[in-house]
Amino acid sequence: MDQGSKATVPVYAVAEQLRRGGRFAAASEMLEQHCRRRPDDLQARYVLAVVRRDLDDLAGAAVAIRPLLGMPQAPVQHLAGLIALDLGREERAVGRLRRALVCDPAHPGAWQSLVVLSASEARAVAWAKAAMAVDPGDPGGCIDLVCTLLAARSATVAPGLMAALATLRHEGIEFSAAGALSELMPDWRAVGSDGGVGGFGAAELLGLIGSALSRFRSALAVESGMTRRITRLAVWDPGRRLPWLGLLVLRSERARPGDGGLLRAAARVAAFGGVLEDTARLARPFEACVQAKAVAAAGRDVDPAIRIGHAAGLQALAERVGRPVELRMAGERRLVTLGDRRIAYHAPSDGVAGFASVLFLFEPGLWRWMAGFRPDDVLLDIGANVGIYTIAAAGLFGVRVAALEPYGPNLAVLRRNVAINRLADRVTVLPVAATDVERTGRLYHEGGEAGAASQHFETAVDGADESEPFDRVEGVPVDVLVERGTIPFPTRIKIDVDGNERAVIEGMTRTLADPRLHSVRLEVRWKRPEGRAVVERVESFGFRAAIDDDAKNLLFTRVDFPSKTG
């Protein structure tokens with residue numbers, strides 16, 4: 001696109017700044033006003049289409065880009081193709097993407113988007129090879145080729161797969177091992193004794209599976225192709241756990257109450273031992289999830305434990321709410337459906353994507369707690385991070401939420417998650433730390449991308465370590481936020497602040513004393529003296545503590561309101 005007149009450059013700069021801060025609605029409103037004043041500014045319309053697509057306003061994005069469709073520019077045609085693809089208009093999407101390639105035959109994004117449309121067909125392999133050819137250093141094109149070959153109908157794809165894997169290894173591409181092992185190889189002879197192939201370990205191959213389900217919107221075609229491959233492996237050699245584990249990976253995206261299919265797949269893996277005491281434990285999926293989580297945390301049989309735990313946690317939630325639960329991946333977003341409600345998580349980093357891909361493993365007790373929320377409840381999420389539980393509470397369970405998150409990278413993604421789920425009327429986001437004293441303090445952190453944890457807020461900075469990285473942020477007691485009307489009174493509170501628990505509790509004593517507060521979920525190392533003191537302080541306000549899903553997660557319920565704690 002042309003850069004436009006000098007007078008409009010600041011508009012684009014401000015819009016981009018708003019996007020980086022997660023304020024997509026504000027960016028959209030500003031661009032809309034500008035386009036009404038300058039309807040001939042095509043650059044502004046292009047940026048507006050991008051922002052509206054960020055907001056999942058696909059109809060609005062289509063309207064914004066419509067005046068640009070006659071332009072022979074690859075970025076415009078590519079964006080138009082993506083919007084059509086999002087809207088499910090596949091024929092129109094193919095036309096736009098091919099037009100983008102007429103404008104620029106070396107546009108890798110257009111080639112990769114074409115692959116998405118027919119991942120299990122022979123032409124998708126050709127498109128994926130083209131994407132690699134135009135930009136050999138782009139990992140996306142190579143990942144597309146590997147995943148397409150894995151899902152292809154032809155049984156004679158091993159040579160192409162070996163070449164693609166070799167390219168990935170040469171480029172130094174690494175894959176997250178956040179999940180189970182799998183051997184989704186088209187030829188059993190290509191699989192090594194460790195489950196790897198072509199010099200890749202089995203854990204790295206898992207990353208390819210995740211990439212396939214993440215990158216291909218037509219995931220059912222990919223899933224069926226991969227399921228066909230791995231079922232053949234399981235039949236050929238039923239005495240190995242890896243094929244059964246691969247099937248569990250592919251089936252761990254949905255659960256229905258009363259349907260035992262997912263847990264039967266988990267039982268096949270658990271039967272090899274090392275994760276559960278016995279497969280009968282899966283009859284109580286919540287307990288099975290807790291045990292598998294403990295095995296993974298101890299570093300024993302980690303990959304199988306993660307997958308069994310996630311599957312059991314998914315089934316436990318479905319049984320708890322009495323409705324189907326589904327977890328799907330779509331590009332940089334993770335979609336969660338609970339009955340007739342759906343939320344989306346933006347996953348800009350490997351850490352967030354990995355967490356969301358096994359979402360129901362980490363805190364099954366928190367999901368069980370949220371499932372007991374009532375429509376008039378208000379959740380205060382202290383240490384909201386990127387908003388995993390904020391968005392779930394508001395979007396799936398329908399309650400109001402006040403989310404406190406002081407760390408900049410997490411805050412930006414939290415705001416974006418609120419925007420794409422259209423929850424601004426139900427979620428209040430505050431860029432502050434909860435503490436005992438109202439003052440500016442230091443938020444010490446290790447840096448890193450969105451999803452990072454282990455930040456620590458200090459209000460007393462005299463003699464503080466200047467060598468550690470920190471940001472200056474505002475610290476405000478919860479009692480002050482409530483009394484000023486900044487946040488509604490919380491009936492439920494979640495606290496995850498990595499070491500600052502004492503100050504948080506001391507700043508909310510009046511809230512804790514109020515009988516309207518039903519329950520508090522607190523992550524605290526309660527076996528340590530300082531942690532034990534925090535527990536006793538909360539209990540002194542009339543709460544009873546119980547271990548929720550692991551040794552550090554406690555659920556405090558008010559003794560005189562047992563029927564309202566969920």
Side-chain angles (χ1 to χ4, degrees), residues 13-27 50-51 53-56 174 176 178 214 329 331-334 336 343-359 362-363 380-395 401-421 423-424 427-435 440-459 464-476 494-500 504 523:
V14 174
E16 184 57 33
Q17 185 177 9
L18 291 171
R19 288 186 69 216
R20 286 198 300 269
R23 299 175 62 189
F24 297 95
V50 172
V51 172
R53 185 168 181 256
D54 286 335
L55 284 166
D56 264 356
E174 296 180 358
S176 169
S214 174
M329 304 181 186
E332 287 190 345
R333 293 184 182 177
R334 301 301 184 258
V336 184
I343 58 174
Y345 293 122
H346 177 59
S349 67
D350 288 342
V352 176
F355 186 96
S357 67
V358 284
L359 186 62
F362 298 100
E363 300 195 67
L380 173 58
D381 190 352
I382 302 176
N385 202 277
V386 299
I388 295 293
Y389 301 113
T390 285
I391 300 303
V401 183
L404 275 55
E405 176 53 53
Y407 184 50
N410 290 343
L411 182 65
V413 178
L414 167 61
R415 284 174 167 161
R416 179 164 189 176
N417 281 328
V418 172
I420 65 177
N421 287 282
L423 291 173
V427 177
T428 300
V429 177
L430 297 177
V432 302
T435 187
T440 301
R442 292 179 176 180
L443 183 74
Y444 290 93
H445 57 82
E446 299 176 357
E449 54 196 5
S454 301
Q455 296 94 36
H456 183 70
F457 181 77
E458 291 283 356
T459 55
D465 187 354
E466 295 280 354
S467 64
E468 295 184 21
F470 66 87
D471 298 326
R472 291 193 178 276
V473 300
E474 294 299 313
V476 185
K494 165 189 162 287
I495 305 172
D496 185 355
V497 292
D498 294 313
N500 204 38
V504 172
E523 181 176 314

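Please read these numbers as outputs of a predicted model, since none were measured by experiment.
- Between Ala419 and Leu55, the shortest heavy-atom distance links the atoms CB-CD2, 3.7 Å.
- The minimum heavy-atom distance between His346 and Ile420, with the atom names listed, is N-CD1, 4.0 Å.
- Residues satisfying the side-chain hydrogen bond (donor to acceptor under 3.5 Å, both in side chains) criterion with Asp381, sequence neighbours excluded, are Thr390, Lys494.
- In this structure, the side chain of Tyr345 does not engage the main chain of Asn417 through any donor-acceptor pair within 3.5 Å.
- Of the candidates Leu359, Val358, Val352, Leu359 is the only one forming a side-chain contact (heavy atoms from CB on, under 4.5 Å) with Phe355.
- Partners of Asp496 under the salt bridge (Lys or Arg N to Asp or Glu O under 4.0 Å) rule, at least two apart in sequence or in another chain, do not exist in this structure.
- Here the CG atom belonging to Asn385 is positioned 13.0 Å from the CG atom belonging to Leu404, to the nearest 0.5 angstrom.
- A donor-acceptor contact shorter than 3.5 Å is absent between the side chain of Asn500 and the backbone of Thr435.
- Shortest non-hydrogen contact noted between Val418 and Ala424 is CG1-N, 3.8 Å.
- Residue Arg416 comes nearest to Asp54 through the heavy atom pair NH2-OD1, 2.9 Å, listed as atom of the first residue, atom of the second, then distance.
- Across all non-hydrogen atoms, the minimal contact from Ala434 to Ile382 is CB-CG2, 3.7 Å.
- With sequence neighbours excluded, the residues forming a side chain to side chain contact (heavy atoms under 4.5 Å, CB included) with Ala402 are Leu380, Ile487, listed by chain and number.
- Under the rule for a side chain to side chain contact (heavy atoms under 4.5 Å, CB included), the partners of Ala356 that lie at least two apart in sequence or sit in another chain are Arg334.
- Counting all heavy atoms, side chain and backbone alike, Gly387 lies closest to Leu414 at CA-CD1, 3.5 Å.
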